[in-house]
Every structure is written in structure tokens, then in C-alpha cells.
Amino acid sequence: MREFTLMLTLLLGFYSAAQQYGDTPYLQDYAVKYELDNALKDHALIGVGADRNQLVQVLSHAGLLSPQEKGLLPNLFYRPVTDMKVVSMKVYNDQFYYLTDKEVFSNSAGAKDVFDHQMSSVGLFDIGSDFSVLIVAADRIGLFKDRKPVWESNLSGVSPKALKFDKGAQRFLLLAEDGIYEVPLAAPKIAKLYSGTGLTSMDFDGDTLVVGTNKGILRLSGTSLKSGGLDDKLPSPDIKVVRNISGSLWFGTDKGAFKLRSDGKYDYYASKRWLVDDEVIDIAPGPERSVLVLTSKGLSQINFREMTLAEKADYFQKIQRQRHIRYGFTADLTLKEPGNLASGYYKDTDNDGLWTSMYLASELFRYAVTKSEDAKQNAYEAFEAMERLTDITPMHGFPARSYERDGYEMGLHANGFSEEWYKKHVEENGRIWRLTDDEKWRWKSTTSSDESCGHFFVYALFAELAPDKEWRDRAIHQIKIQMDHIVDNNWYLVDWNGEPTAWGRWNPKYVNSFPINVGDRRLNSTLILSFLQTAYHFTQDEKYKKAAKKLIKRHGYDENANRPATVIGYVEGQELSDGWNHSDDEMYFLTAPGFVNYSFSEDQRSKHFEAVKSHWQIERSEKNPLWNYLYALCGGTQIDVEDSAWWLREFPMDLIDWKVDNSHRNDLVKIEPNFRGQTYAEVLPPDERPLHNHNGAYRNNGGSGGKKEYAPYLYLLPYWAGRYVDAISPPKTIVQKTIR
């Protein structure tokens with residue numbers, strides 16, 4: 001290996017002793033969804049439960065349903081039940097019990113627990129100690145013990161919406177919209193305990209009764225139900241369901257479900273990533289520690305499985321290989337039918353080279369850590385796809401954005417440009433997609449600096465980590481020809497028409513035209529110095545060092561690049577300064593290892609490192625593991641290990657681009673509008689936000705509504721980078737669990 005690898009090994013030896021996340025199993029959540037069958041769409045869903053046999057049943061106006069492979073369908077197991085009018089369902093002693101218009105019964109243990117209630121227009125029931133049963137009808141209420149009636153009364157204007165047996169006080173509690181009433185077992189009578197408004201649901205949290213209202217949550221303590229005040233700092237305050245599941249409080253609303261954590265914050269389960277729809281009707285414990293969330297259009301089972309970060313990477317690796325490789329490129333999967341993976345197809349993007357470089361880097365890191373032949377083969381295939389980006393263009397060393405067979409190209413625009421720009425560009429220059437000489441393929445022009453960052457980043461890694469010299473030499477050749485193209489064309493990427501591309505510009509007249517506070521001046525200086533240092537490091541050709549020193553001495557590029565990131569800000573009337581550009585962060589951190597580690601001197605390395613450190617410090621609030629691990633690759637020894645692991649744990653298993661909305665949430669602390677585009681005091685977990693690439697830090701709302709599946713390199717690159725810099729330990733326990 002080269003000098004860089006030896007130096008990095010020494011750095012990481014110190015780093016590993018200082019900080020590392022121990023990769024032990026944690027509970028990974030993911031959802032399995034069952035949509036209500038089309039033939040039942042007009043039938044309302046009422047409740048859900050699961051028994052000790054792990055049988056899940058849903059009560060609906062069409063009878064009992066169960067989740068099956070094709071959705072939520074009628075349960076036909078018991079033919080007698082299909083002919084009954086079941087109006088309510090409970091799980092008691094881990095068995096199903098049913099209330100019909102004629103009787104209360106269970107099919108368990110010989111079907112002994114059955115009795116006729118002889119009440120008309122029944123609606124609710126609950127079961128207490130010693131099989132005491134309280135039934136609520138339209139205008140009456142009745143208590144049964146040992147399957148016989150023992151007390152009956154008029155409701156006297158009380159309209160119960162929910163029942164709950166209070167085991168400690170040996171009483172049934174009745175919740176109505178205007179209050180809570182009790183019926184004691186010892187001396188049955190209806191007595192009002194608490195007066196309120198907009199009450200909707202209730203359950204116990206220890207000795208405290210937690211009550212949902214249309215404006216938040218009440219906590220009522222003691223047998224007299226003393227109120228502790230209203231809590232409305234919730235993801236959504238209009239509570240429809242309150243459930244205590246295995247000691248954790250769950251809440252259902254018409255904007256999804258959420259669970260109260262031990263730290264007082266909430267895990268929020270909303271959007272089609274988690275639920276069939278967001279209108280929650282019921283919540284119940286499910287099989288194997290899962291939680292069942294019944295909504296108006298179906299059932300969602302939120303599963304919790306023990307998993308290590310390594311197992312999660314294995315899961316995503318299979319998806320990456322099966323569904324996200326196009327000609328060797330990394331590709332998202334576009335879905336003709338929202339959410340339907342079977343309708344998926346590949347399409348080109350403006351940044352095929354960049355996204356592929358990031359997956360290729362993950363496989364290089366994986367090979368370096370594990371020596372996996374599979375990782376090496378994947379890396380070589382991705383390399384050849386990227387290598388062709390320069391082979392397919394007629395300009396020496398100019399990389400295309402992408403390529404596709406003639407007639408099948410789809411990305412007709414160029415990233416970051418308006419429809420008007422595109423039309424004008426085509427009128428003046430011809431099509432962005434250019435035909436190859438054999439007229440079989442088209443390649444996409446207008447290549448940007450984003451692409452160059454990906455190329456130089458991963459070719460340097462390839463030249464360091466690929467095990468075969470002939471392949472390393474091919475990567476070095478790519479570094480050389482792409483650097484030569486930029487140098488020979490006066491610090492521009494020059495397209496087929498002889499004109500610089502819009503974003504491939506490192507010429508001093510362009511770079512220094514920006515005030516020092518505009519991010520592009522600092523960024524572009526950093527990029528081109530990193531490219532030149534990388535080219536010199538691997539070729540030892542003095543022309544690259546001379547070119548870099550010319551930019552430094554005559555045009556102040558080191559001064560530009562070494563300014564701390566805190567200088568970046570808004571400049572009145574100046575383009576590209578209206579907000580923090582998170583795509584620039586992606587380019588910066590991909591470029592940073594070459595910028596620091598291939599510096600021409602120790603003094604320069606120290607200054608470059610301090611500049612990178614300043615950028616990392618600003619970015620820390622994002623908790624992005626990729627920024628942390630790339631900073632470690634630059635020599636950073638104190639990174640945010642736990643924040644990085646948190647991001648990886650919270651990254652969703654479902655990669656479909658569902659529409660997500662957090663704008664209504666009252667539980668989050670909002671901050672004033674700011675240059676960085678941060679909305680809340682803390683960044684949201686990845687599984688509560690819309691999915692996005694690593695250049696979308698604070699995107700809390702949006703999504704395509706299920707029209708694509710993102711490529712899993714989004715997880716794989718930071719995970720394997722973390723393993724490579726020894727910030728993540730090898731898995732300490734492998735738990736053999738299968739994700740459905």
C-alpha cells in the first residue's frame with residue numbers, strides 16, 4: 001500500500017483506542033402493511049387484537065378479518081361466527097372474546113365461556129376479574145358474573161365511548177365525551193368521577209389513568225382521578241386511541257401513531273412508510289413484541305427485531321444488488337405504481353457517477369475490512385461502469401453524467417436548471433444527450449463539479465484499497481486524464497461544444513468573483529486543490545504540484561480553502577448565497593480526505609485539517625455518520641460516535657420515497673428561520689423524515705408519494721466507512737432473524 005495507507009493506519013490505531021461504537025443488537029423497527037381488500041372498502045374497521053397463538057383478528061362491519069398475504073381479508077376459520085353479528089371484540093387472558101347481538105363467547109378451551117346477555121342494541125363490553133363482564137347497550141348497562149346477570153341500570157344520559165377495567169380498585173371505568181364514570185364490582189352503580197370535554201380514549205400507566213382528548217393528554221391519579229393538567233406537546237394533540245403496550249404508552253390520531261419514550265420524547269409512526277394510512281382507529285399488542293395499528297384502510301404491524309448494524313448492512317446489500325444496479329451504476333428504482341416494487345424500472349440521473357462512486361466506496365471499505373471477494377467483484381463492476389463515463393465521450397478526460405441506449409434516455413434536464421434554461425440551452429447548443437459514433441448509445445453532457453468530486457474521491461480510494469495493481473493503475477489513469485482535462489481547459493470542464501459546463505468551473509476569474517462569504521469561493525478552491533494533490537500523490541508528476549502552487553500563490557486558493565466554514569453566509573444581491581447548500585457539504589466531505597491527507601507539506605496539512613474541522617463542527621448538529629467518518633478519515637480523533645450510530649439505527653428499513661409531513665408537530669421545538677434551513681432544535685430521526693440523499697440534511701417534509709425506492713448505498717457507505725475507520729466494532733452478536 002502507499003504512504004497514505006500507512007499514515008492512515010497509524011491515525012486509526014490512535015482513533016480506535018479513543019472511540020468506538022460496540023455493534024451489539026438493538027431493536028430495529030419496520031412495518032408490514034395489509035391493505036383492506038377492495039371488496040370490503042365500504043365496510044368500517046372497528047378494532048384489532050392478537051391472541052396467544054399469534055392469531056391476529058380485525059373486527060369490521062363486514063365481520064372478522066385477518067391479515068393475509070394479499071391484504072386484509074375475511075376470516076373464515078369458524079363457520080358459525082361468519083353467520084353471527086359480532087359488535088365488539090376483546091382479548092382477555094390472551095384469548096379472543098366476542099360480543100354479538102345475542103351472546104358473549106369465546107372459541108378457546110372448549111368454548112365454555114359463553115352466555116346469552118338478552119340485551120338489545122349492545123355496543124361495548126369489557127371483562128374484569130373472575131370473568132365479570134360489563135355490557136353497554138343503547139340505553140342500558142348490565143353486569144354479569146359467572147355468566148349470569150347481577151345488575152342492570154339505565155344509562156341516564158351517559159353515552160360511553162370506551163370501557164376499562166380498573167383491577168386495583170375492582171371497578172369498571174366508563175369514558176364518555178364529557179367525563180369518566182365508575183361501576184364498582186362490590187356495589188354496582190354508575191357514579192361520575194371526573195368531568196371534562198372532548199374525552200376520547202383511556203388506558204392505565206401504572207396507577208395513573210391516561211386519557212386522550214381532542215386537545216391532548218390528561219393524566220388522572222388516585223381512585224378519585226385527580227387531574228395533573230393537559231399535555232398538548234404531542235406530534236398531534238387530537239387523540240383517538242390510548243394504549244399501554246408492554247409498559248409503553250401508544251397514541252393514535254388522524255395523523256398517525258406515536259409512542260412515548262423513556263426520555264419523554266416520542267417515536268412517530270406516520271406516512272405510508274409505517275401505516276396503510278394515517279387515520280388510526282385502534283392499537284394493540286401483536287405477535288412477537290410487534291404493535292398492531294389499525295387504520296381506516298387497513299392494518300399495519302410494526303415489528304421490533306433484534307439486529308446489529310452489520311446485519312442491517314447485509315440486508316441492504318441484498319437489496320442494492322437485486323434492485324439497484326443499472327449497467328453497473330447505482331440506480332434508484334422508479335415505480336410506475338406508487339409503492340409497488342414489482343412496477344419498478346431503472347432510469348438515468350444527472351449524478352449517476354456520483355451515486356455510483358459512493359456505493360463503490362462502500363464496497364472498497366467493505367473489502368478492506370473483510371477481504372470479501374464479493375465486495376471486490378462489486379467494486380470492480382462499479383468501477384467499469386464509471387470508467388466508461390470518460391470512454392464514451394469524445395473529449396479526452398471529460399466524464400459524462402450518465403449514458404443510456406439511444407431512445408431510452410429519460411433525464412432530459414440538467415440538475416439545478418429551470419425549464420427556461422433547458423430550452424435555451426438546447427436551442428443554442430443542441431441536445432444535452434449526445435449520440436455515440438455507433439449510434440447505439442447516448443451520453444449526457446453538462447457534467448458538474450458534483451460528478452468530479454465523486455470521481456476523484458473514489459478513484460483515490462480505489463488506488464489505495466483495490467488489491468490488484470492493474471486495477472489500481474486504471475484508477476490512477478482516470479485521475480490523470482480527468483485532471484489533465486481540467487488543467488488543459490483553463491480550469492474548466494469543457495463540453496462537446498467547446499463551452500464550459502455551468503458547474504464545472506474552477507477558473508480564478510470565476511472562483512474569486514465571489515465574495516469570501518459565498519460558499520462557492522471556499523468550496524471550489526478546496527475541490528481543485530484536492531484534485532491536484534490527489535493527481536500528484538498518485539502520479540508524482542510535478543506539473544500538478546506546480547499548477548496547485550500557481551493557484552495558491554497567484555490566486556489565493558489556499559487562503560480561500562483555509563477560511564473556516566463560519567465565514568459562509570448571506571451576501572446581499574449575491575448569487576448562490578441565499579442559504580446553506582447541503583449539496584456543497586456532500587462535495588466538501590467527499591473531497592476532504594484528499595485535501596488533507598495528500599497535502600504537499602505538514603504545515604499545509606495542518607491548515608487544511610483545521611479548515612475541514614471547522615466545517616465538521618458546523619455540520620455536527622445533523623448527526624450524519626458519513627460526515628463524521630470522513631472527518632475521521634482526515635485524521636479527526638474526536639467524532640460523534642453515538643450520534644452516528646443513532647443515525648444508522650434510525651435509518652428506515654423501507655427505502656420507498658413516501659410522502660412525509662412533520663409540519664403539524666407540537667412536540668418539536670421550532671427555531672427561527674435561519675441560513676442553514678434548520679427548522680427544529682434537533683434533527684429528526686431518519687425514519688421520521690422524507691428519505692433523501694446525504695445532501696438533504698434538514699428536509700422534514702416532502703417525498704414523491706411512493707414513486708421510487710432509494711438505493712441502499714445511503715446506509716452502506718457510512719456503515720462501511722465507520723467500520724473502516726474503526727468507529728464501529730465488528731458485530732458482537734449475530735442474531736438470526738428474518739425480515740419479512
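Arg521 places a side-chain N or O within 3.5 Å of a backbone atom of Phe514 that can act as its donor or acceptor partner. For the pair Thr356 (side chain) and Gly353 (backbone), a donor-acceptor distance under 3.5 Å is absent. The main-chain N or O of Val276 is found under 3.5 Å from a side-chain atom of Ser300 such that the two form a donor-acceptor pair. Counting only distance, with no hydrogens or angles, the side chain of Thr436 and the backbone of Trp441 share a donor-acceptor pair below 3.5 Å.
Using cut-offs of 30° and 60° on the angle between ring planes, the pair His664 and Tyr268 is perpendicular. The aromatic rings of Trp274 and Tyr269 sit perpendicular to each other, their planes meeting at more than 60°, with 30° as the lower class boundary. Using cut-offs of 30° and 60° on the angle between ring planes, the pair Tyr380 and Phe462 is tilted. Between Phe651 and Tyr715, the two ring planes are tilted [angle within 30° to 60°].
Checked against the 6.0 Å centroid threshold, Phe531 and Phe456 count as a close aromatic pair. A distance of 6.0 Å or more separates the ring centres of Tyr698 and Trp580. Between Tyr719 and Phe316, the distance separating the two ring centers is not shorter than 6.0 angstrom.
With values rounded to the nearest 0.5 angstrom, Arg620 atom CZ is found 8.0 Å from Asp643 atom CG. How far NZ of Lys480 is from CG of Asp541: 5.5 Å, rounded to the nearest 0.5 Å. Taken from CG in Asp657 to NZ in Lys272, the straight-line distance is 14.0 Å, to the nearest 0.5 Å. Taken from NZ in Lys297 to NZ in Lys33, the straight-line distance is 13.5 Å, to the nearest 0.5 Å. The line from CD1 of Ile656 to CD of Glu709 is 6.0 Å long, rounded to the nearest 0.5 Å. Atom CH2 of residue Trp503 and atom OG1 of residue Thr447 lie 14.5 Å apart, to the nearest 0.5 angstrom.
Summarising the geometry of Asp667 relative to Pro235, their closest heavy-atom pair is OD1-CA, 3.3 Å, with the distance given to 0.1 Å. When all heavy atoms of Ala475 and Ala463 are compared, the pair lying nearest together is CB-N, 4.2 Å. Scanning all heavy atoms of the two residues, the minimum distance from Tyr710 to Leu691 falls at OH-O, 3.3 Å. The minimum heavy-atom distance between Ala331 and Ala711, with the atom names listed, is O-CB, 3.8 Å. Between Ala313 and Leu716, the closest heavy-atom pair is O-CD2, 3.4 Å. Across all their heavy atoms, Ser530 and Phe595 have their closest contact at OG-N, 3.1 Å.
Arg522 has its side chain within reach of His615: a pair of non-hydrogen atoms, C-beta onward, lies under 4.5 Å apart. Side chains of Ile481 and His396 form a contact here, defined as non-hydrogen atoms less than 4.5 Å apart. Looking at Thr295 and Glu35, their side chains never come closer than 4.5 Å, going by heavy atoms from C-beta outward. For the pair Met386/His455, a side-chain contact is recorded, criterion being any heavy-atom separation below 4.5 Å from C-beta on. In this structure the side chain of Ser449 reaches within 4.5 angstrom of the side chain of Trp506, judged on heavy atoms. Between Ile325 and Tyr359 the shortest side-chain heavy-atom distance falls below 4.5 Å. You'll find the side chain of Asn517 reaches within 4.5 Å of the side chain of Val571, heavy atoms only. The shortest distance between side-chain heavy atoms of His324 and Tyr713 does not fall below 4.5 Å.
Side-chain N/O atoms of His477 and Glu387 include no donor and acceptor closer than 3.5 Å. Using a 3.5 Å distance cut-off with no hydrogens or angles, the side chains of Arg326 and Ser402 do pair a donor with an acceptor. No side-chain donor from either of Tyr629 and Asn624 sits under 3.5 Å from a side-chain acceptor of the other. In this model, a donor atom of one side chain and an acceptor atom of the other lie less than 3.5 Å apart for Asn628 and Ser644. With 3.5 Å as the limit, one finds no donor-acceptor pair spanning the side chains of Ser452 and Gln482. Checked by atom type, the side-chain pair His608/Asp558 shows a donor-acceptor distance below 3.5 Å.
Annotation for Tyr408: atom OH does not count as buried by contact number, only 12 or fewer foreign heavy atoms lying within 6.0 Å. Crowding of Glu428 atom CD: a count of heavy atoms from other residues, nucleotides or ligands under 6.0 Å exceeding 12. Around NZ of Lys623, the count of heavy atoms belonging to other residues, nucleotides or ligands within 6.0 Å exceeds 12. Counting non-hydrogen atoms of neighbouring residues, nucleotides and ligands closer than 6.0 angstrom, the NZ atom of Lys543 exceeds 12 such neighbours. Enclosure of atom NZ in Lys659 is not indicated, since only 12 or fewer non-hydrogen atoms of other residues, nucleotides or ligands lie within 6.0 angstrom. Atom CG of Asp437 has 12 or fewer heavy atoms from other residues, nucleotides or ligands within 6.0 Å.
Checked options Asp520, Asn695, Asp450, Ile568; the residue passing with Asp584 is Asp520 (criterion: side-chain contact (heavy atoms from CB on, under 4.5 Å)).
Remark: Arg434 is positioned above the aromatic ring of Trp496, its terminal NZ or CZ atom under 6.0 angstrom from the ring centre and at most 45 degrees off the axis. Taking the ring centre of Tyr345 as origin, the terminal cationic atom of Lys347 falls outside the region bounded by 6.0 Å and 45° from the ring axis. Taking the ring axis of Tyr403 as reference, the NZ or CZ atom of Arg388 stays within 45° of it and closer than 6.0 Å to the ring centre.
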Show the numbers, then the answer: is there a salt bridge (charged side-chain N to carboxylate O under 4.0 Å, His left out) between Arg321 and Glu363? CA-CA 12 Å; Arg321 300 309 301 179; Glu363 290 300 85; 5.5 Å; no
I would like to know whether Phe365 and Trp720 meet ring pair (Phe, Tyr, Trp, His ring centres under 6.0 Å); could you show each step before the answer? CA-CA 6 Å; Phe365 288 138; Trp720 285 110; 9.3 Å; no
Apply the test side chain to side chain donor-acceptor pair (under 3.5 Å) to residues Tyr492 and Glu499: give CA-CA distance (whole Å), side-chain angles for both, the deciding distance (0.1 Å), then the verdict. CA-CA 9 Å; Tyr492 292 109; Glu499 296 295 326; over 6 Å; no
Could you give me the CA-CA distance, side-chain angles and deciding distance for Asp278 and Lys255, then say whether salt bridge (charged side-chain N to carboxylate O under 4.0 Å, His left out) is met? CA-CA 5 Å; Asp278 284 346; Lys255 294 184 183 299; over 6 Å; no
Mind running salt bridge (charged side-chain N to carboxylate O under 4.0 Å, His left out) on Arg665 and Glu688 for me, showing each step along the way? CA-CA 12 Å; Arg665 293 181 63 172; Glu688 295 182 14; 2.9 Å; yes
Can you check ring pair (Phe, Tyr, Trp, His ring centres under 6.0 Å) on Trp647 and His694, steps first, answer last? CA-CA 12 Å; Trp647 190 100; His694 286 283; 5.7 Å; yes
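Between Arg563 and Glu559, at least one side-chain N (NZ, or NE/NH1/NH2) sits under 4.0 Å from a carboxylate O, which counts as a salt bridge. Note on Arg431 versus Glu409: salt bridge recorded, some NZ/NE/NH1/NH2 to OD/OE distance being below 4.0 Å.
The salt bridge (Lys or Arg N to Asp or Glu O under 4.0 Å) test applied to Arg676 returns Glu619, Glu622, not counting sequence neighbours.
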